[in-house]
Structure formats: structure tokens, C-alpha cells
Amino acid sequence: MDKKICNGIGHSPPSPPQPHVTPSTSSACTENARLLSPVTTSIDFTLNSLIPERDIITYRVYENELQMPDIMRLIQKDLSEPYSIYTYRYFIHNWPKLCFLAMHGTTCVGAIVCKLDLHRQQRKRGYIAMLAVDKDYRKLKIGTNLVSKAIEAMLFYNADEVVLETEITNIPALRLYENLGFVRDKRLFGYYLNGVDALRLKLWFR
Ligand SMILES: CC(C)(COP(=O)(O)OP(=O)(O)OC[C@H]1O[C@@H](n2cnc3c(N)ncnc32)[C@H](O)[C@@H]1OP(=O)(O)O)[C@@H](O)C(=O)NCCC(=O)NCCS
């Protein structure tokens with residue numbers, strides 16, 4: 001089930017940034033380890049008091065099925081391989097605390113979908129299955145913040161490591177993950193239906 005996901009392809013540069021993105025946890029996994037619980041919103045009240053409310057991006061953990069169409073709409077736009085509602089439900093219903101949405105007002109502008117289970121009966125492995133940010137909201141660190149939220153939550157549930165696959169040509173995703181400390185673990189030849197190779201990226205917590 002965890003194969004051939006997260007293969008979104010990069011797009012041309014987005015329109016100029018408008019909304020302000022609240023700072024989230026920074027890159028290093030050690031820094032994330034200090035956080036004790038999964039966070040449902042990243043609003044910094046001191047800073048946000050200076051920013052018009054309409055420009056603030058907030059981060060929410062998945063709450064209910066009503067959010068499913070937004071998540072699917074965002075992710076489907078960018079994937080070269082379509083997934084059925086059952087694939088989304090498999091991840092989101094089993095690991096709802098590992099699914100986060102980025103909201104601009106009432107509009108969902110980003111989403112991340114993950115899982116966490118035992119790998120080879122030894123290590124608790126987190127897996128980032130899907131990640132997408134609306135084209136008009138890219139390069140604002142929303143993707144970075146969503147991944148950081150997912151990592152915080154995985155650490156809360158005692159993950160030992162986190163992995164994902166992405167197309168070898170997906171420069172935005174590679175930059176995002178490598179900035180966060182992920183390393184290239186394996187090249188998977190012809191992994192995707194479109195023939196493109198994948199890179200498996202990995203972040204070790206211990
Ligand atoms: C990959 C994606 C989630 C990045 O989201 P984002 O919110 O724009 O990312 P961030 O703003 O956090 O940027 C992260 C890094 O990627 C870089 N980046 C983002 N878009 C880029 C682009 N088009 N070209 C080159 N670098 C890019 C940023 O510059 C930043 O690196 P830097 O800090 O060194 O400058 C987004 O491009 C997307 O939704 N793509 C389609 C779906 C996809 O590919 N998902 C990932 C599948 S694993």
C-alpha cells in the first residue's frame with residue numbers, strides 16, 4: 001500500500017506570495033524532538049497580532065470526513081498516478097493525527113498525509129504518503145511547515161525514522177526534504193507508471 005505515492009511533479013513558479021505564513025518549527029529533527037505533542041495550529045499570537053487576519057495561514061490536524069474532498073482536490077492535481085478514495089481513507093482513517101491541512105481562511109491550500117507503523121518488526125517507521133500545496137501558495141514555506149508538523153506528530157508517537165519516495169525530477173520536493181535533513185537513501189528505477197525513477201528519502205530520529 002505504501003508504494004508509488006508522493007510523486008507529485010513540480011510546476012512553474014507561482015504567482016507572487018500574498019498571505020503571511022506563520023513560522024513553524026525549523027528544520028532539524030532534534031529540534032522537533034523537543035516538542036511534546038502534535039500541534040493543531042501554529043499561530044504565533046505575538047507576531048500574528050501585527051498581521052491582518054486575512055493573510056494568515058493556519059495549520060490544523062485532520063478532524064473529519066468533510067475535509068476529505070479538499071485534501072483529495074489538492075493532491076490529485078499534482079499526482080501523475082490517480083488514487084481512489086479508498087487510498088486516502090486507508091491513510092487518513094488509520095492515522096488521522098498524521099494528516100495536516102494548511103488553511104488560508106476557510107480555503108485548504110496545503111495538505112500532508114502520512115502513516116506510522118512497525119518496519120520489519122523492529123523500527124517504528126513514519127511514511128509521508130502525500131504532500132501538496134496549492135500552486136498559488138507555493139514557496140511560502142507551507143510545504144516545509146506541513147512536513148514539520150507531521151514530523152512533530154511522528155516523534156510524539158515515538159517514530160524511529162521517516163521515509164518517503166519522490167520523483168527524481170521533483171526539485172521543489174527534494175529541496176524541501178533535504179533542507180529538513182532527509183538524505184537520499186535509495187534510487188528506485190522505473191518506480192512510477194510514467195517510467196520516472198524515484199528517490200527514497202529518509203530521516204533518522206535515532
Ligand atoms: C513540493 C511542494 C509541496 C513544496 O511546497 P512549498 O510550500 O512551495 O515549499 P516551501 O515553500 O516549503 O519550499 C521548500 C524549498 O523548496 C524550494 N522550492 C519550492 N518550489 C520550488 C521550485 N519550483 N523550484 C525550485 N525550488 C523550489 C524552496 O525554494 C525551498 O527551498 P529553499 O528554502 O532552499 O529556497 C509543492 O511544490 C507541491 O505541492 N508540489 C506538487 C506536489 C509534490 O511534488 N509533492 C511532493 C511529493 S513527495
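Indexing begins at 1, ligand by ligand and atom by atom, following the structure's order.
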Enquirer: Looking at residues at least two apart in the chain, or sitting in another chain, which of them share a side chain to side chain donor-acceptor pair (under 3.5 Å) with D134?
Expert: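 If we apply the side chain to side chain donor-acceptor pair (under 3.5 Å) test to D134, skipping adjacent residues, there are no hits.
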
Enquirer: Short N/O distance, under 3.5 Å, between R175 and ligand 1?
Expert: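 Yes, at least one N or O pair falls under 3.5 Å.
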
Enquirer: Near T144, which atoms of ligand 1 are under 4.0 Å from a heavy atom of that residue?
Expert: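 Those qualifying, in numeric order: 10 (P), 12 (O), 14 (C).
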
Enquirer: Are D197 and R187 ion-paired here, with the side-chain N under 4.0 Å from a carboxylate O?
Expert: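 Salt bridge flag = yes for R187 with D197.
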
Enquirer: What I want to know is whether Y137 and ligand 1 share at least one N or O pair that is separated by under 3.5 angstrom.
Expert: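 In fact, backbone or side chain, Y137 has no N or O that close.
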
Enquirer: Any atoms of ligand 1 less than 4.0 Å from a non-hydrogen atom of L140? List them with their elements.
Expert: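 Counting from 1, the qualifying ligand atoms are 11 (O).
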
Enquirer: May I ask you to check if ligand 1 and I171 share an N or O to N or O distance below 3.5 Å?
Expert: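 No: no nitrogen or oxygen of I171 is under 3.5 Å from one in ligand 1.
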
Enquirer: I'd like to know if E161 pairs up with R206 as an ion pair, taking the criterion as any Lys NZ or Arg NE/NH1/NH2 lying under 4.0 Å from an Asp or Glu carboxylate oxygen.
Expert: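 No, E161 and R206 are not salt-bridged.
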
Enquirer: When the ring centroid of F182 is compared with that of W204, is the distance short of 6.0 Å?
Expert: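 No; W204 has its ring centre 6.0 Å or more from that of F182.
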
Enquirer: Would you mind finding which of E167, E178, R138, K141 brings a heavy atom closest to atom 36 (C) of ligand 1?
Expert: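 Closest candidate by heavy-atom distance is R138.
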
Enquirer: Taking 4.0 angstrom as the limit and counting only heavy atoms of D78, give me the atoms of ligand 1 inside it, by number and element.
Expert: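 Heavy-atom distances to D78 below 4.0 Å select 41 (C), 42 (C).
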
Enquirer: Looking at L131, which atoms of ligand 1 are within less than 4.0 Å of one of its heavy atoms?
Expert: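 Those of ligand 1 that fall under 4.0 Å from L131 are 3 (C), 42 (C), 43 (C), 45 (N), 46 (C).
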
Enquirer: Quick check for you: to the nearest 0.5 Å, what is the distance between K186 atom NZ and L199 atom CG?
Expert: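 Rounded to the nearest 0.5 Å, the NZ-CG separation comes out at 12.5 Å.
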
Enquirer: I'd like to check which ligand 1 atoms, numbered from 1 as shown, lie under 4.0 Å from a non-hydrogen atom of T166.
Expert: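 The atoms of ligand 1 under 4.0 Å from a heavy atom of T166 are 48 (S).
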
Enquirer: Under 4.0 Å, heavy-atom basis, I'd like to know which part of N170 is in contact with ligand 1: side chain, backbone, both or neither.
Expert: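 The answer is the side chain.
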
Enquirer: In ligand 1, which numbered atoms sit nearer than 4.0 Å to a non-hydrogen atom of A132?
Expert: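 Result: 39 (O).
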
Enquirer: Counting C-beta onward and ignoring hydrogens, is there a side-chain heavy-atom pair between H93 and M68 closer than 4.5 Å?
Expert: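 They are in contact (side-chain heavy atoms under 4.5 Å apart), so the answer is yes.
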
Enquirer: Out of G110, A198, A173, who is nearest to atom 1 (C) of ligand 1 when you count heavy atoms only?
Expert: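 Going through G110, A198, A173 one by one, A173 has the nearest heavy atom to atom 1 (C) of ligand 1.
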
Enquirer: For R120, check salt bridge (Lys or Arg N to Asp or Glu O under 4.0 Å) against everything at least two apart and list the hits.
Expert: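 So R120 forms no salt bridge (Lys or Arg N to Asp or Glu O under 4.0 Å) with any residue.
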
Enquirer: Less than 4.0 angstrom from a charged side-chain N to a carboxylate O is my criterion; do R200 and D185 meet it?
Expert: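 No, this pair does not count.
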
